[in-house]
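In what follows, every heavy atom counts, from backbone to side chain, and hydrogens, waters and symmetry copies are set aside.
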Amino acid sequence: MTQRSERSVRTSRSVVVVLFDDVQSLDVTGPVEVFAGAALEAAGGHGAADAAYRIRTASLDGAPVRTSSGLTLVPDGALDAEPAPHILLVPGGRGTRTPDPRMIDWLRENAPRAERLVSVCTGALLLAAAGLLDGRRATTHWGVSEHLARTYPAVEVDPDPIYVRDGNVATSAGVTAGIDLALALVEEDLGRDIALTVARHLVVFLRRPGNQAQFSAQLAAQTALREPLREVQQWITEHPGDDLSVESLAGRARLSPRQFARAFRSETGTTPGKYVERVRLEHARRLLEDCADGIEEISRACGYGTPEAMRRAFVKSLGTAPAEYRRRFRPQTTPR
């Protein structure tokens with residue numbers, strides 16, 4: 001066994017995945033595949049009793065559950081029979097809309113004993129109903145974030161990130177964001193090499209930064225109703241390095257700057273300035289991830305003008321500088 005593998009499996013972590021009727025199957029299988037793949041890689045490709053992650057699934061009574069897509073999942077046992085795990089993972093799905101009160105009671109009493117409490121998608125609703133997110137920052141699927149904030153005002157809901165970590169509680173956005181969060185946990189536990197290997201096997205990114213928005217600027221904003229405004233939206237996307245001032249964009253829409261700003265916000269739900277900021281940030285991220293151009297060249301291509309201006313935008317939105325972002329998220333090339 002390699003030195004890395006010996007170090008990786010020295011600590012064996014238990015993972016318990018909560019199952020219930022109408023659970024979203026990918027919320028379950030996505031993170032499970034990540035943890036299982038990491039355990040296999042850490043053990044040098046061989047199953048081991050002291051695997052880095054020991055995964056079990058459990059329902060309230062130990063009975064099979066039917067997922068929202070119609071699949072039947074057979075749990076390993078009943079929740080009451082499970083000892084306190086290192087990671088308790090609560091998936092989402094339609095079953096979180098009207099949960100079994102016994103599930104909420106079980107979570108309220110038992111979830112705090114887990115070393116890490118993780119929710120995927122609308123699983124955050126179950127944690128909130130049990131009072132486990134009170135006073136914490138959390139996220140969930142964009143479609144229920146307003147409901148979560150309105151129903152549980154003690155929770156600080158951030159609808160934008162793909163996952164949020166607050167102490168030992170981690171919540172993630174819709175469906176595949178659970179894979180991103182699981183990869184982040186694996187990287188923290190076992191190192192970047194193992195997390196990267198698992199990501200490659202699953203053909204996903206190693207991980208998107210947790211505070212990356214759930215949607216691109218084009219998806220987050222509504223599409224304008226009027227053709228001239230839609231054309232302006234497209235122009236911004238295709239020309240992030242051009243003059244994208246309100247005056248310039250208003251001229252393209254054949255409106256006065258004041259009329260343009262008011263109409264753009266009314267029809268897209270955001271201001272021209274904020275839309276431009278998000279488009280430029282996304283374009284800069286893609287260039288940092290996909291090409292070898294220098295920071296100064298990328299800053300000009302994305303309309304920032306100077307590397308310092310781009311650095312300020314990255315720190316404000318992503319909490320990291322462009323150079324660090326590239327180091328962490330650009331795929332590494334491995335020689336054959």
Side-chain angles (χ1 to χ4, degrees), residues 1-2 4-20 23-59 65 67 71 73-77 79 81-93 107 110-111 113-121 123-124 126-127 162-165 168-208 210:
M1 182 180 292
T2 66
R4 185 191 69 183
S5 296
E6 291 173 348
R7 183 169 59 250
S8 299
V9 300
R10 190 169 297 162
T11 300
S12 184
R13 299 168 178 84
S14 57
V15 180
V16 171
V17 182
V18 175
L19 299 184
F20 49 86
V23 69
Q24 164 67 250
S25 58
L26 192 55
D27 287 5
V28 175
T29 58
V32 164
E33 289 291 344
V34 171
F35 291 126
L40 190 63
E41 174 65 16
H46 304 285
D50 58 347
Y53 295 105
R54 293 174 285 106
I55 307 162
R56 288 181 60 82
T57 57
S59 63
V65 302
T67 71
L71 297 175
L73 301 180
V74 180
D76 295 309
L79 285 170
E82 295 296 326
H86 289 79
I87 300 174
L88 181 66
L89 190 144
V90 181
L107 287 171
N110 295 278
R113 296 189 292 122
E115 291 190 15
R116 284 180 181 143
L117 183 56
V118 176
S119 71
V120 180
C121 196
L126 300 182
L127 300 189
I162 58 172
Y163 61 81
V164 167
R165 300 183 67 178
N168 70 328
V169 178
T171 52
S172 61
V175 194
T176 57
I179 295 176
D180 293 287
L181 177 52
L183 283 168
L185 296 176
V186 167
E187 183 176 5
E188 179 179 306
D189 292 340
L190 306 179
R192 178 184 174 88
D193 287 348
I194 288 179
L196 179 59
T197 299
V198 174
R200 284 172 173 163
H201 282 314
L202 296 178
V203 198
V204 297
F205 293 109
L206 168 56
R207 68 181 167 103
R208 294 175 284 176

Open item on the list: Could you check whether any side-chain heavy atom of L107 comes within less than 4.5 Å of a side-chain heavy atom of L126, counting everything from C-beta outward?
Closed with: yes
Open item on the list: Under the rule for side-chain hydrogen bond (donor to acceptor under 3.5 Å, both in side chains), what residues qualify as partners of R165, not counting sequence neighbours?
Closed with: E188
TODO: Kindly write out the residues that satisfy side-chain hydrogen bond (donor to acceptor under 3.5 Å, both in side chains) with H86, not counting sequence neighbours, or none if the list is empty.
DONE: S14
Task: side-chain hydrogen bond (donor to acceptor under 3.5 Å, both in side chains) involving S59 - partner list, sequence neighbours excluded - done: none
- [ ] Mind checking side chain to side chain contact (heavy atoms under 4.5 Å, CB included) for T29 and listing every partner two or more places apart, or none if nothing turns up?
- [x] L26
- [ ] Search all heavy atoms of F35 against all heavy atoms of L89 and return the closest pair with its distance.
- [x] CE1-CD1, 4.2 Å
Task: Whether S172 side chain and I162 backbone form a donor-acceptor pair below 3.5 Å - done: no
Task: Distance (rounded to the nearest 0.5 Å) between I55 CD1 and R13 CZ - done: 12.5 Å
- [ ] Determine, stepwise, if the pair D189 / R116 fulfils side-chain contact (heavy atoms from CB on, under 4.5 Å).
- [x] CA-CA 12 Å; D189 292 340; R116 284 180 181 143; 2.7 Å; yes
- [ ] List in chain and number order the residues that pass side chain to side chain contact (heavy atoms under 4.5 Å, CB included) with L71, two or more places apart in sequence or in another chain; answer none if no residue qualifies.
- [x] S25, T67, S69
Task: Point-to-point distance, once rounded to the nearest 0.5 Å, from OG of S119 to CG of L181 - done: 8.0 Å
TODO: Please tell me if the side chains of L73 and T57 come closer than 4.5 Å, counting only heavy atoms from C-beta onward.
DONE: no
- [ ] Name all residues meeting the ring pair (Phe, Tyr, Trp, His ring centres under 6.0 Å) criterion together with F20; count only those two or more places apart in sequence or in a different chain, and write none if there are none.
- [x] none
TODO: Look at the side chain of D76 and the backbone N and O of A58, then say whether any donor-acceptor pair between them is shorter than 3.5 Å.
DONE: no
Open item on the list: Do P31 and V120 make a side-chain contact, defined as non-hydrogen atoms from C-beta onward lying under 4.5 Å apart?
Closed with: yes
TODO: Taking side-chain hydrogen bond (donor to acceptor under 3.5 Å, both in side chains) as the test, write out the residues that go with E115, two or more places apart.
DONE: none
TODO: Using the test side chain to side chain contact (heavy atoms under 4.5 Å, CB included), find all partners of A114 that sit at least two apart in sequence or belong to another chain.
DONE: P85, L88
Task: Qualifying salt bridge (charged side-chain N to carboxylate O under 4.0 Å, His left out) pairs, either residue in residues 82-92, two or more places apart - done: R56-E82
Task: Spatial distance of atom CG (L183) from atom CD1 (I194) [nearest 0.5 Å] - done: 12.0 Å
Task: E41 side chain near L196 side chain, heavy-atom distance below 4.5 Å - done: no
Task: Reported CD1-to-CG distance for the pair I87 and L185, which is rounded to 0.5 angstrom - done: 5.5 Å
TODO: Locate the shortest heavy-atom distance separating P91 from D27; write the atom from each residue and the value.
DONE: CB-CB, 3.5 Å
Task: Heavy-atom pair of closest approach, residues A111 and L117 - done: CB-CD1, 4.0 Å
